[in-house]
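What follows is one structure encoded as structure tokens, with my remarks underneath.
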Amino acid sequence: RFTEIIEYGIDISQVTVSEPDKNGVVTVTMPDAQVLNVDVDEDSLGGMEGGTAMAQVLCGQVNPSGKLADTFAARLEDYPSTENFHESVEYVDYTEDIYVGYRYFETIPGAAEKVVYPFGYGLSYTTFEVETQKAWEEADSINVQVKVTNTGDMAGKEVVQLYYSAPQGLLKKPAKELGAFKKTRLLQPGESHTMVLTVTKEAMASYDDLGKVAKSAYVLEKGAYAFYIGTSVRNNEKTAYEYLVAEDTVVKQLEAKLTPSGLLRECFPTEPTRNCLRLKKMIPMPVHLKKWFREPMKASCRKYASASSVL
């Protein structure tokens, strides 16, 4: 980040930027010879105008208000998906289960210190105060009203994030999960914006694929659901409100479809999978799964046959 705010309206053509040093720090020299240190992060998915946008941000013509939709860890090996992601070109085995992204880094012991930039992280040339005013329950949702005030010296926007923490019952739960987020309008210094963030009760339910509570259903497990308001998964405060569920509640009942646990394993590996008529009769494959049944994909089909569920 800039160590101090760059004045608005500086001509980009008069600004020079050095090459990053070993710590990723560049020096930006302004027309008045003022020197600022900047920590340079990655500019990704910027499109054809990404360079222009980055230059406008670095020169203070635009106040950034974006937030990370990923967790940035220090090394590729820090991500749980790395070990098995390239096991085969034919399939991906999601061994991390529900602990994907920030759910892994915020839940699994020892993972938190691997994070360089947490989920939801973002910078601004101004500062904001986020105040939780009230929270309440409606028939199908939980609502939290917040007041955001620009406490700095430059106009800007802030993204407020609502996280919830579900009780640890029979079904797996991450430590925190994003429930809702909302961006303010452009706030001038000293200006405030009040808004309501809403998370549905159905969104907080966990899918029970094994029938620990109710098979093939989304379940709100009994216990206290806590709520947090802040500007990232790490920078937030717990609200005084809790949503109490007296007993396990099924919010949506589904049916198991395309469950391959009963497939005839003798089709593999002696018989070419695309000619396995018994398999074809048991499960007519959707178009997006037909790619699994081409020669020589016996390995991926064995994965398919041994899985507990697919969709």
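The figures that follow rest on heavy atoms only: side chains count, while hydrogens, waters and symmetry mates do not.
Atom-to-atom distance recorded for D248:CG and L170:CG is 7.0 Å, nearest 0.5 angstrom. We find the CZ-CG distance between F128 and N150 to be 4.5 Å, quoted to the nearest 0.5 Å. The distance from the OG1 atom of T71 to the NZ atom of K114 is 13.0 Å, given to the nearest 0.5 Å. Here the CD1-CG distance, from I98 to L171, works out to 9.0 Å after rounding to the nearest 0.5 Å. Expressed to the nearest 0.5 Å, how far CG of N236 lies from NZ of K176 amounts to 3.5 Å.
A continuous path of hydrophobic side-chain contacts links L162 to V160 [ILVMFWY only; heavy atoms under 4.5 Å]. Taken together through direct or relayed side-chain contacts under 4.5 Å among Ile, Leu, Val, Met, Phe, Trp and Tyr, Y163 and F227 form parts of separate hydrophobic clusters. Side-chain heavy atoms closer than 4.5 Å link hydrophobic residues (I, L, V, M, F, W, Y) into clusters, and following such links, even through other members, never connects V199 to V159. At a threshold of 4.5 Å between side-chain heavy atoms, the hydrophobic network of Ile, Leu, Val, Met, Phe, Trp and Tyr places F181 and V146 in two separate groups. In the hydrophobic clustering of ILVMFWY residues, with side-chain heavy atoms under 4.5 Å counting as a link, V100 and F105 come out apart.
Among all heavy-atom pairs drawn from N84 and T95, the shortest one is ND2-OG1, 3.0 Å. Of all heavy-atom pairs between S232 and N235, the closest is OG-N, 2.9 Å. The shortest non-hydrogen separation linking V250 to A214 is CG2-CB, 3.7 Å. The minimum heavy-atom distance between Q161 and L178, with the atom names listed, is CB-CD1, 4.1 Å.
Classification of R234 and E106 as a salt-bridged pair holds, one side-chain N sitting under 4.0 Å from a carboxylate O. Under the 4.0 Å criterion applied to side-chain N and carboxylate O atoms, D208 and K215 are not assigned as salt-bridge partners. Salt-bridge check for R185 with E191: passed, with a basic side-chain N closer than 4.0 Å to an acidic carboxylate O. Contact check on K183 versus E158 returns no salt bridge, with no Lys/Arg side-chain nitrogen under 4.0 Å from an Asp/Glu carboxylate oxygen.
Using a 4.5 Å heavy-atom cutoff, the side chains of V196 and V144 are not in contact. Proximity of S81 to E96: side-chain heavy atoms (C-beta onward) are separated by under 4.5 Å at one or more points. For the pair E237 and I229, the minimum side-chain heavy-atom distance is 4.5 Å or more. You'll find the side chain of Q188 reaches within 4.5 Å of the side chain of L186, heavy atoms only.
Between Y207 and Y218, the ring planes lie tilted relative to each other; the angle falls in the 30° to 60° range.
T132 places no side-chain N or O within 3.5 Å of a backbone atom of T239 that could act as its donor or acceptor partner. Judged purely by atom type and a 3.5 angstrom limit, T82 uses its side chain to pair as donor or acceptor with the backbone of L76.
Between F119 and Y102, the gap from one ring centroid to the other is short of 6.0 Å. In this structure, Y243 has its ring center no closer than 6.0 Å to that of Y164.
Between S141 and T200, the side chains place no donor N or O within less than 3.5 Å of an acceptor N or O (distance only, hydrogens not considered).
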- Does the pair K173 and E221 meet the rule for a salt bridge (Lys or Arg N to Asp or Glu O under 4.0 Å), with working shown? CA-CA 10 Å; K173 306 287 198 313; E221 289 197 271; 2.5 Å; yes
